[in-house]
Amino acid sequence: MRELGVDLAGLALKNPVITASGTFGYGLEFSRYGDLKTLGGICVKGLSLAPRQGNPMPRVAETPCGMLNAIGLQNCGVETFVRDKLPFLPWRDTAVIANLYACEAEEFAELAGVLAAEEGVAALEVNISCPNVKAGGILFGQDPAMAARVTEAVKKRAGVKPVMVKLSPNVTDIAAVARAVEAAGADILSLVNTLSGMSVDVFSRRPRLANVIGGLSGPAIKPVALRCVWQVCRAVGIPVIGMGGISSAEDALEFILVGAHAVQVGTANFLRPDFAFRLVEELPPLLERLRVSSWEEFRGTLKVE
Amino acid sequence: MRELGVDLAGLALKNPVITASGTFGYGLEFSRYGDLKTLGGICVKGLSLAPRQGNPMPRVAETPCGMLNAIGLQNCGVETFVRDKLPFLPWRDTAVIANLYACEAEEFAELAGVLAAEEGVAALEVNISCPNVKAGGILFGQDPAMAARVTEAVKKRAGVKPVMVKLSPNVTDIAAVARAVEAAGADILSLVNTLSGMSVDVFSRRPRLANVIGGLSGPAIKPVALRCVWQVCRAVGIPVIGMGGISSAEDALEFILVGAHAVQVGTANFLRPDFAFRLVEELPPLLERLRVSSWEEFRGTLKVE
Amino acid sequence: MADAGGCREVAVLARGGMGPEGERHGLVRLAVENPGWDTAVAGQFAMLRPVCFGQELTWARPLSLFGVTPERLEFFIQVAGRGTRRLAAMNPGDRLVLWGPLGRGFAVEPDTPTLLLAGGVGLAPFAPYIAAHPRPDNLRLVFGHRPPLAAYPFAEMAATIQAESFHEEKPGDLDRFTALLRERIAGYRDGLVLACGPRPFLSAVADMGRAAGARVQVSLENRMACGVGACLGCVEKDASGELVQTCVRGPVFWAKDLEAFSGHHGTPGKNGGCACGN
Amino acid sequence: MADAGGCREVAVLARGGMGPEGERHGLVRLAVENPGWDTAVAGQFAMLRPVCFGQELTWARPLSLFGVTPERLEFFIQVAGRGTRRLAAMNPGDRLVLWGPLGRGFAVEPDTPTLLLAGGVGLAPFAPYIAAHPRPDNLRLVFGHRPPLAAYPFAEMAATIQAESFHEEKPGDLDRFTALLRERIAGYRDGLVLACGPRPFLSAVADMGRAAGARVQVSLENRMACGVGACLGCVEKDASGELVQTCVRGPVFWAKDLEAFSGHHGTPGKNGGCACGN
Ligand SMILES: Cc1cc2nc3c(=O)[nH]c(=O)nc-3n(C[C@H](O)[C@H](O)[C@H](O)COP(=O)(O)OP(=O)(O)OC[C@H]3O[C@@H](n4cnc5c(N)ncnc54)[C@H](O)[C@@H]3O)c2cc1C
Ligand SMILES: Cc1cc2nc3c(=O)[nH]c(=O)nc-3n(C[C@H](O)[C@H](O)[C@H](O)COP(=O)(O)OP(=O)(O)OC[C@H]3O[C@@H](n4cnc5c(N)ncnc54)[C@H](O)[C@@H]3O)c2cc1C
Ligand SMILES: Cc1cc2nc3c(=O)[nH]c(=O)nc-3n(C[C@H](O)[C@H](O)[C@H](O)COP(=O)(O)O)c2cc1C
Ligand SMILES: Cc1cc2nc3c(=O)[nH]c(=O)nc-3n(C[C@H](O)[C@H](O)[C@H](O)COP(=O)(O)O)c2cc1C
Ligand code: FES
Ligand code: FES
């Protein structure tokens with residue numbers, strides 16, 4: 001297969017491999033382990049208007065074939081990102097995607113406004129897996145109407161930047177949220193965010209995360225993620241970016257087989273820091289073995305009776 | 001700790017270890033591997049009014065630290081169970097819990113009626129993780145109102161048998177379902193059932209389950225299960241039975257630490273067929289190490305600030 | 001005896017390539033401590049779960065009994081994926097959990113001419129079958145294989161009974177192999193034909209056996225999670241349309257008793273599945 | 001150099017108990033191929049992920065550099081859980097993924113009297129520290145331990161510098177060890193005190209160092225997922241209330257630069273966490 005590139009509603013990627021938000025820092029942390037320019041895209045850590053400290057320690061825990069995190073969106077704030085990080089990223093070669101975090105729709109819109117002006121930002125990814133402070137803490141992503149409202153608000157201020165909405169798997173009907181967000185104008189969907197989980201230590205009788213509850217990621221969640229992506233791809237017409245537990249080239253292609261246009265890799269970046277770079281290299285030989293000569297010929301071709 | 005027994009709203013168990021429905025056959029399959037009388041309880045495979053064939057093959061697939069199944073509730077039917085299986089189970093020593101499967105509330109009630117008459121049945125476990133045929137296929141357990149209706153219907157016909165409702169984790173707000181079911185008269189809650197998941201093979205481009213979607217179980221889901229049990233224990237006053245990925249004595253105690261009265265072990269029975277028997281033996285020394293001298297002193301004592 | 005049939009943790013005693021060429025082709029012979037089995041029948045199997053599976057690989061792997069002595073159980077493993085790769089890499093002293101002997105083995109009719117048909121690693125159960133048979137002169141083996149013959153225990157087996165092998169190397173060979181099978185099977189009217197190998201091979205054998213008037217047994221390799229009849233993951237439809245567990249009602253079945261091998265189209269199953277995933 | 005600092009798969013060269021008693025106490029010395037590191041500083045660390053972790057254990061494990069030669073990197077491992085158990089059981093030839101050298105090491109001030117304080121496996125970074133120090137006569141080591149001294153590489157280290165050890169065996173010993181530490185530290189006004197060991201030990205050392213007017217560095221062992229500053233799982237609050245990554249800004253910090261070790265109560269963090277679990 002010659003042409004690894006994909007185009008998602010105006011977001012052009014040289015290959016479908018994007019590093020997932022929160023697992024690849026601001027990108028620069030990994031330049032020692034590979035050439036950032038070879039990646040399809042980089043989603044940076046969730047950005048908020050003001051810098052944030054996040055949750056108390058401990059905030060990560062290892063689980064069978066996965067991990068929990070409750071970082072609590074520690075980040076340097078959007079201004080610092082734009083000033084001190086973005087200029088050093090190879091954004092002309094690799095799509096830099098800003099991941100947006102806020103507690104109210106207006107804040108999301110304001111963030112979008114700041115980033116819409118930045119040439120180096122290829123797209124905005126809206127993290128709706130976080131609590132809506134005004135609505136008493138229920139997650140934006142758990143209610144189709146609220147998810148739609150955030151999408152609209154961001155879309156209005158995003159200018160020409162494609163808006164990608166990142167869905168939570170912690171819902172009864174993910175397709176319903178996906179349809180609502182599509183109707184509200186989202187250009188792309190990405191999923192899944194982490195599964196809500198918890199871990200405790202019977203010896204100390206304490207939770208392993210100070211926040212008690214955290215987000216589960218890694219291979220353990222891949223079956224759930226794949227099911228979500230499949231359901232969403234059948235429910236919407238806009239392009240979908242799949243993620244959740246991808247830790248090999250085969251895993252990546254599984255998401256494309258069920259309908260995704262591109263993938264994000266998260267926890268696997270912790271398996272080894274050159275993981276994403278290697279994944280990009282492993283795709284062509286695997287596609288060769290599968291005799292796939294274009295994405296169109298493979299994407300969404302799962303055979304179901 | 002001398003006294004391992006627990007009492008759950010009239011369901012007395014000699015110890016808190018119950019084998020989970022669908023993973024321990026009708027119990028007798030395991031008599032070669034241990035003494036069934038040593039178990040706290042046995043939940044048998046989901047029973048329907050008529051015998052059922054289940055889904056086409058393949059219907060199990062291995063996943064990282066877990067498995068998917070889409071058996072489709074193959075079972076011998078409640079009559080055959082009562083006639084050919086129940087009499088051979090040591091139900092005077094070990095609580096035999098019938099797991100009920102139906103597509104409509106009336107069917108559930110009818111099943112309850114049949115089993116209420118059986119001396120050997122200690123309790124009824126209502127599997128509401130299955131689609132409501134009348135309501136167009138949405139799962140009973142995904143809608144608090146429907147879950148409550150099934151609970152009421154079963155409760156009316158259950159006579160003196162404690163009614164245990166088994167919750168699905170595939171919902172936005174499991175505490176809401178738990179509260180609805182408690183209000184409808186459930187005596188006990190058990191959770192979690194499997195997570196909805198999927199697995200595909202990029203070489204054949206086929207799903208690994210003929211049914212495409214199946215239920216994820218095993219250690220992979222333990223963090224999600226533990227979070228659900230914790231949330232439900234804080235939301236209701238009735239006893240809770242925790243399960244999901246338990247594969248050691250420590251795992252079992254984690255569920256009790258977050259508030260469960262007893263546990264069920266499922267997929268771990270496939271790790272080795274004597275798993276549940278060994279678990280019963282491993283609890284006392286571990287409790288000793290933890291210096292726990294009664295369940296009351298340990299249950300629900302997770303230290304959260 | 002109850003004890004012998006339980007679940008035990010045992011140690012690996014020896015591992016080696018099967019024949020001089022085996023290791024190179026992922027064909028390995030594994031000997032483990034015998035926890036007290038004495039009554040195993042050829043065609044029965046064991047579930048093996050190396051301690052090194054940890055929690056990552058959930059299921060034990062089913063393997064046919066290849067040899068049983070009072071001290072050791074032997075298995076013949078072909079590397080097919082993640083689990084068999086780890087099994088085939090075990091070293092003496094490494095530990096595994098094992099339960100069995102499981103299922104039903106092949107029919108033994110000392111005085112009936114009996115044809116053994118093996119495809120690849122399907123050769124495994126026939127080693128103990130031949131060893132235990134009271135009238136080896138009534139046995140004949142036909143063995144089809146892709147890796148070189150020296151990677152299989154064929155020579156040892158051919159030393160005691162009439163045996164021939166067929167090397168499938170290029171496309172077209174399959175047709176010639178099928179022709180050979182048909183010819184051999186034709187001689188077994190009212191005789192016994194026992195087959196173990198890939199499913200398409202078993203299907204072809206069942207068809208040819210029926211045509212020839214032979215009584216055929218096939219050994220199935222359905223995916224198994226528990227091995228004890230509990231998970232219902234390994235089922236096969238019998239001739240009456242009932243789904244039965246391969247692990248307890250098989251893995252060896254009379255071909256005529258299974259819908260897929262009986263030549264009859266079954267009735268669609270009554271009361272199909274549930275979308276809930278249990 | 002860029003290459004040397006990358007991520008590489010290497011083989012284990014040797015494994016052995018630390019000293020004659022080490023293996024029995026879960027204290028193991030592991031040597032692996034050096035993928036080209038030449039500039040490592042004592043106190044820096046590597047992330048090690050044995051191939052045998054498979055997918056079950058998600059994270060690599062951080063280990064201090066214990067020895068560096070052009071051919072080999074050496075580590076000193078104390079079995080603490082699932083990951084270190086597997087690391088400590090690796091055999092020559094087994095493969096692991098490794099990245100580093102990571103983080104910032106201990107200050108080297110040749111002419112400043114320098115006190116090295118180690119608790120248990122916290123001894124590890126001081127072996128290369130001593131080896132590389134231009135003025136070993138300016139160094140002094142105090143080492144507290146629970147397993148027998150012969151399970152540690154103490155004798156080798158004591159051969160080149162002034163060193164003493166303290167065996168904590170029974171309750172009450174801790175107080176006597178603390179008294180010993182206080183006495184030693186008291187002699188280092190304006191000197192350098194470097195500490196590595198369990199967190200309560202580091203806290204006590206920082207307090208005593210402050211009281212004595214010594215400059216103190218502590219090496220933290222916060223839980224780490226990535227080791228490269230990306231996951232924000234290993235953070236520690238600095239003296240200004242900022243959360244900084246231990247893996248890149250540490251693991252060695254000046255005690256005065258960290259809230260928990262500076263003796264000052266920090267301001268509550270601005271803009272706390274999010275319940276979403278990211
Ligand atoms: C009764 C019985 C006896 C057997 N005897 C032998 C034997 O003596 N020697 C031997 O080498 N093999 C034998 N097998 C087959 C062996 O069990 C499988 O090759 C093995 O389980 C595959 O596991 P894996 O992890 O290596 O492959 P996986 O990575 O799990 O899968 C590889 C492929 O095999 C499929 N598969 C998974 N489990 C099974 C299974 N249980 N049977 C068949 N395919 C499966 C998968 O879907 C996949 O396509 C036997 C199987 C059965 C049921
Ligand atoms: C910079 C640095 C250098 C280190 N150098 C050495 C060394 O040279 N030799 C050595 O033996 N150990 C060293 N450690 C500690 C070692 O990394 C941990 O003991 C190991 O990661 C525990 O993993 P495990 O799987 O064995 O234990 P787990 O089963 O994961 O956990 C055991 C206990 O340790 C906790 N834990 C998990 N990860 C860590 C961690 N990274 N650090 C501390 N506690 C943890 C768990 O919460 C649990 O309570 C170092 C740690 C750091 C951060
Ligand atoms: C440590 C950590 C931090 C994360 N931070 C964010 C974040 O800031 N914003 C976000 O949208 N997702 C965040 N995620 C979720 C990931 O981007 C991804 O959706 C999830 O981990 C599933 O993919 P994986 O299994 O490949 O890791 C984080 C995940 C991890 C493990
Ligand atoms: C093969 C299989 C069959 C199952 N069948 C049923 C069933 O009939 N009824 C039911 O309520 N749950 C069924 N379950 C769900 C289990 O009882 C349990 O809720 C789930 O597997 C989570 O626990 P575990 O991780 O310990 O397996 C089944 C699970 C498996 C793996
Ligand atoms: S393998 Fe579980 S029923 Fe046969
Ligand atoms: S270990 Fe990930 S930021 Fe330090």
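Convention: sequence-line order gives letters A, B, ...; per-chain numbering from 1. Here the structure is a predicted model, which means the values were calculated and not measured. Values below: all heavy atoms of this structure, side chains included; hydrogens, waters and symmetry mates excluded.
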(message) Is A/V229 in contact with chain B via its backbone, its side chain, both, or neither, using a 4.5 Å heavy-atom distance?
(response)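 Looking at A/V229, nothing touches chain B.
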(request) With a 4.5 angstrom heavy-atom cut-off, could you sort out which part of A/L286 is near chain B: side chain, backbone, both or neither? (result)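 For A/L286, the contact with chain B is made by the side chain alone.
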(request) Provide the closest heavy-atom pair for A/L257 versus B/V202 in the form atom of the first, atom of the second, distance. (result)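 Heavy-atom minimum between the residues: CD2-CA, 4.1 Å.
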(message) So which atom in A/L302 and which in B/P207 form the shortest heavy-atom distance, rounded to 0.1 Å?
(response) CD1-N, 3.6 Å
(request) Taking A/R227 for its side chain and B/M198 for its backbone only, find out whether a donor-acceptor pair lies under 3.5 Å. (result)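 Side chain of A/R227 to backbone of B/M198, a donor-acceptor pair under 3.5 Å: no, none is there.
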With a 4.5 Å limit on heavy-atom distance, are the side chains of [X] and [Y] in contact?
{"X": "B/L253", "Y": "A/R205", "answer": "no"}
{"X": "B/V200", "Y": "A/W230", "answer": "no"}
{"X": "B/D143", "Y": "A/T172", "answer": "no"}

Gap between atom [atom2] of [Y] and atom [atom1] of [X] - 0.5 Å precision:
{"X": "B/T301", "Y": "A/R206", "atom1": "OG1", "atom2": "CZ", "result": "11.0 Å"}
{"X": "B/D173", "Y": "A/N170", "atom1": "CG", "atom2": "CG", "result": "11.5 Å"}
{"X": "A/L226", "Y": "B/R208", "atom1": "CG", "atom2": "CZ", "result": "10.5 Å"}

(message) Below 4.5 Å, heavy-atom pairs only: which of A/A210, A/S204, A/A61, A/A220 has the largest tally toward chain B?
(response)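 With the most close heavy-atom pairs to chain B, the winner is A/A220.
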(request) Pick whichever of A/S196, A/P219, A/P64, A/C228 has the most heavy-atom pairs under 4.5 Å with chain B. (result)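 Result: the option with the highest number of such pairs is A/S196.
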(message) I'd like to verify something: which residue of B/V292, B/I221, B/V212 has the highest number of heavy-atom pairs under 4.5 Å with chain A?
(response) B/V212
(message) For chain A, which candidate among B/E254, B/K303, B/Q142 shows the most heavy-atom pairs at distances under 4.5 Å?
(response)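 Heavy-atom pairs under 4.5 Å are most numerous for B/K303.
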